[in-house]
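Everything on this sheet refers to the single structure shown next.
Reminder, nothing fancy here: chain letters follow the sequence lines and each chain counts from 1. Remember, it's a predicted structure, so these values are computed and weren't measured experimentally.
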Amino acid sequence: MALAIRILLLLLFLVGCGGGREGRGITLAGSTSVEPFAGLLAERYMAEHPASAPINVQGGGSSAGIQAAQSGSAEIGMSSRWLKEGERALETILIARDAIAIIVHPSNLLSDLTLNQVREIFAGRIENWSSLGGSDQPITVVTREEGSGTRGAFEELIMEGERITLAALRQDSNGAVRVIVAGDPGAIGYMSLGIVDERVKPLGIEGVFPSQETVSSEAYGLVRPFLFLVRGEPQGLAKEFIDYVLSPSGQEILEEEGLVRVK
Amino acid sequence: MVRERIIRYLLLLVAFSALGSLVLITLFIFKEGLPLIVKVGLWRFIFGSDWSPSRGSFGILSMIIGSLWVTAGALILGVPLGVAVAIFTAEFAPPALTAAVRPLIQLLAGIPSVIYGFVGLTVLIPRIERYLGGPGPSALAGAMVLAIMILPTIVSISEDSIRAVPREYRDGALALGATQWQTIWRVILPAARSGIMTSVILGMGRAIGETMAVIMVVGNALALPFSPLQSVTTLTSNIGLEMAYATGDHRRALFAIGVVLFVIIMALSISANLVGRRPARR
């Protein structure tokens with residue numbers, strides 16, 4: 001019994017020691033596309049401001065983020081799409097742009113497609129690379145699962161209301177899409193430009209290759225906004241954090257992670 | 001005396017809490033899933049071939065067929081292998097070898113399913129694509145991974161039932177001049193039939209229920225499959241794949257898939273009990 005009390009006291013002591021941060025923290029919730037970047041920013045911010053209250057970052061998806069900001073259950077909502085009609089009444093702050101890259105196997109002979117060709121491929125109407133001037137190889141379409149923010153952005157930017165073929169392989173993460181595309185010479189998929197690496201080859205769209213410059217100038221077509229959403233004027237820690245994200249060092253971090261800066 | 005009684009009631013409570021969680025899970029799945037089945041209609045839910053939750057179509061036929069293909073494939077590959085291992089360890093192997101093989105097979109059961117999936121993804125899929133064609137992620141890849149995952153179940157139960165065949169059967173057959181193989185094939189396997197069937201049904205249950213490894217290797221395409229080299233979606237892989245973002249009717253539809261799985265698994269374990277109880281013929 002005495003031992004148990006001693007352990008309890010020790011635990012209380014340890015918990016007490018952890019409490020270097022004061023005041024109420026804030027919560028960011030929403031788009032799982034924005035989440036990892038916001039998480040990184042929160043980490044850096046708290047490292048630079050050891051006395052600040054905690055900043056919690058959660059996922060849930062853009063729609064959930066918009067709702068959370070409206071209801072006040074999160075101080076800052078995160079969204080990877082512009083608000084729809086009827087979702088207004090929120091302050092939107094553009095923190096960065098994300099571009100979607102259409103990726104193929106590095107051995108693919110093509111280096112450029114039109115938006116229309118991408119749509120035809122993902123709708124399942126073009127089934128062989130040879131009909132686009134590539135090698136005679138069946139096309140393996142790789143997509144994300146329904147509900148994913150990246151898929152939502154892809155459908156909005158490319159599909160124009162058409163559906164992605166049922167024959168498409170579905171993967172539940174960018175990493176899994178990359179593994180499949182990197183392993184299949186006939187595959188085509190899509191992911192955030194920021195996480196494309198040398199294992200896959202990004203294609204140009206309508207003659208424009210995706211890069212920081214072409215995304216900033218909006219010459220490249222497949223771009224979506226990363227937004228912070230607040231109800232009314234941001235205050236306290238929320239305001240300080242937003243200022244940090246838009247500051248040169250915050251934008252620097254986002255750029256290093258593959259996004260396109262807005263300031 | 002009092003202590004005995006306290007322990008007894010405590011154990012009873014623990015036993016009931018396991019049963020209680022089963023009841024609660026069942027109630028929850030049905031409560032969440034049934035309304036959607038009613039809304040869509042059982043027939044259209046089961047036999048609809050279009051799954052597109054954002055457009056309000058909820059047909060799971062391609063997933064049911066996907067589960068069937070992958071499970072049947074796993075049994076075709078896994079059962080002969082597993083029964084052969086069981087025959088070998090029970091009948092042929094010297095005791096020292098049995099003592100080595102058995103724990104190794106059981107070790108297979110302890111490997112996390114994500115590891116099976118990862119090995120399938122990095123080792124199996126590129127080879128299927130290179131040597132057999134198709135996109136790589138396929139029903140065949142799922143079947144091969146599951147065949148290995150169900151081995152421990154099949155081997156251990158089959159081996160036990162082979163060992164349980166009375167010694168007299170063996171002696172009698174050998175005394176009549178049968179070779180060892182004739183004895184195994186004509187006498188021992190038929191006598192151990194119900195145990196082997198039980199092992200197959202339990203293996204089937206494991207194969208249908210497996211999620212993580214399957215998601216990683218089957219590719220999860222929704223088109224109806226016509227070849228084992230095509231990508232499929234299984235009932236479980238679809239739940240696992242879409243669970244993260246599903247809301248509203250989409251989420252309820254995933255629970256409804258859970259209801260279908262629940263019914264299938266229940267039917268399997270009831271039949272495993274019936275088969276296991278039936279005495280061997282002859």
Side-chain angles (χ1 to χ4, degrees), chain A residues 30-33 35 58-67 80 105 122-124 127 137-152 154-156 159 161-173 175-189 199, chain B residues 49-55 57-59 61-63 66 117-118 120-130 133-138 141 211-212 215-226 229-234 237-248 250-251 253-254:
Chain A
S31 167
T32 50
S33 304
E35 184 191 353
Q58 302 166 359
S62 293
S63 302
I66 293 164
Q67 274 173 21
S80 48
H105 191 268
F122 276 85
E127 292 180 323
Q137 176 112 37
I139 300 179
T140 307
V141 177
V142 187
T143 183
R144 291 289 306 279
E145 81 284 10
E146 211 164 297
S148 133
T150 310
R151 176 175 176 146
F154 177 84
E155 286 185 325
E156 191 182 303
M159 295 310 287
E162 278 201 71
R163 52 188 299 170
I164 295 175
T165 170
L166 288 178
L169 305 190
R170 297 179 302 155
Q171 297 295 322
D172 60 359
S173 69
V177 170
R178 180 163 50 209
V179 169
I180 300 282
V181 173
D184 182 347
I188 184 168
R199 284 175 283 174
Chain B
S49 57
D50 182 29
W51 173 264
S52 183
S54 61
R55 289 159 199 264
S57 352
F58 301 98
L61 184 65
S62 65
M63 298 167 210
F118 191 63
L121 189 64
T122 53
V123 177
L124 213 52
I125 284 180
R127 283 168 180 74
I128 289 179
E129 204 235 320
R130 193 172 325 140
S138 54
T211 308
M212 193 63 217
I215 287 187
M216 294 171 78
V217 300
V218 295
N220 308 302
L222 283 167
L224 291 174
F226 296 103
L229 294 175
Q230 265 178 303
S231 166
V232 295
T233 300
T234 67
S237 77
N238 195 66
I239 297 177
L241 195 71
E242 297 190 344
M243 188 176 55
Y245 299 114
T247 52
H250 186 185
R251 182 168 172 277
L254 297 185

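- Among the candidates Gly134(B), Pro126(B), Pro135(B), Pro225(B), the residue making the largest number of heavy-atom pairs closer than 4.5 Å to chain A is Pro135(B).
- Between chain A and the options Pro53(B), Ser231(B), Ser49(B), Ala246(B), heavy-atom pairs under 4.5 Å are most frequent for Pro53(B).
- Interface residue Ser52(B): backbone and side-chain heavy atoms are both found under 4.5 Å from chain A.
- Contacts of Ala168(A) with chain B are made by backbone atoms alone, with heavy-atom separations under 4.5 Å and no side-chain atom involved.
- Of all non-hydrogen atoms in Ala167(A) and Ala223(B), the two that sit nearest each other are CA-CB, 3.8 Å.
- Looking at every heavy atom in both residues, Leu241(B) comes nearest to Glu145(A) through O-CG, 3.4 Å.
- When every heavy atom of Glu129(B) is checked against every heavy atom of Pro185(A), the shortest pair comes out as OE2-CD, 3.4 Å.
- Between Val218(B) and Leu169(A), every side-chain heavy-atom pair lies at or beyond the 4.5 Å cut-off.
- Using a 4.5 Å cut-off between heavy atoms, Leu121(B) contacts chain A through its side chain alone, with no backbone atom that close.
- When side chains are defined from C-beta on, Ser62(B) does not count as touching Leu166(A), because their heavy atoms never get closer than 4.5 Å.
- The only member of Glu155(A), Arg151(A), Glu146(A), Arg163(A) that meets side-chain contact (heavy atoms from CB on, under 4.5 Å) when paired with Ser54(B) is Glu146(A).
- Closest approach of Arg170(A) and Asn238(B) over heavy atoms only: NH2-OD1, 2.8 Å.
- The most heavy-atom pairs under 4.5 Å with chain A, out of Asp50(B), Ile215(B), Leu224(B), Ile125(B), come from Asp50(B).
- Taking CZ of Arg144(A) as the start and CD of Glu242(B) as the end, the distance is 12.0 Å to the nearest 0.5 Å.
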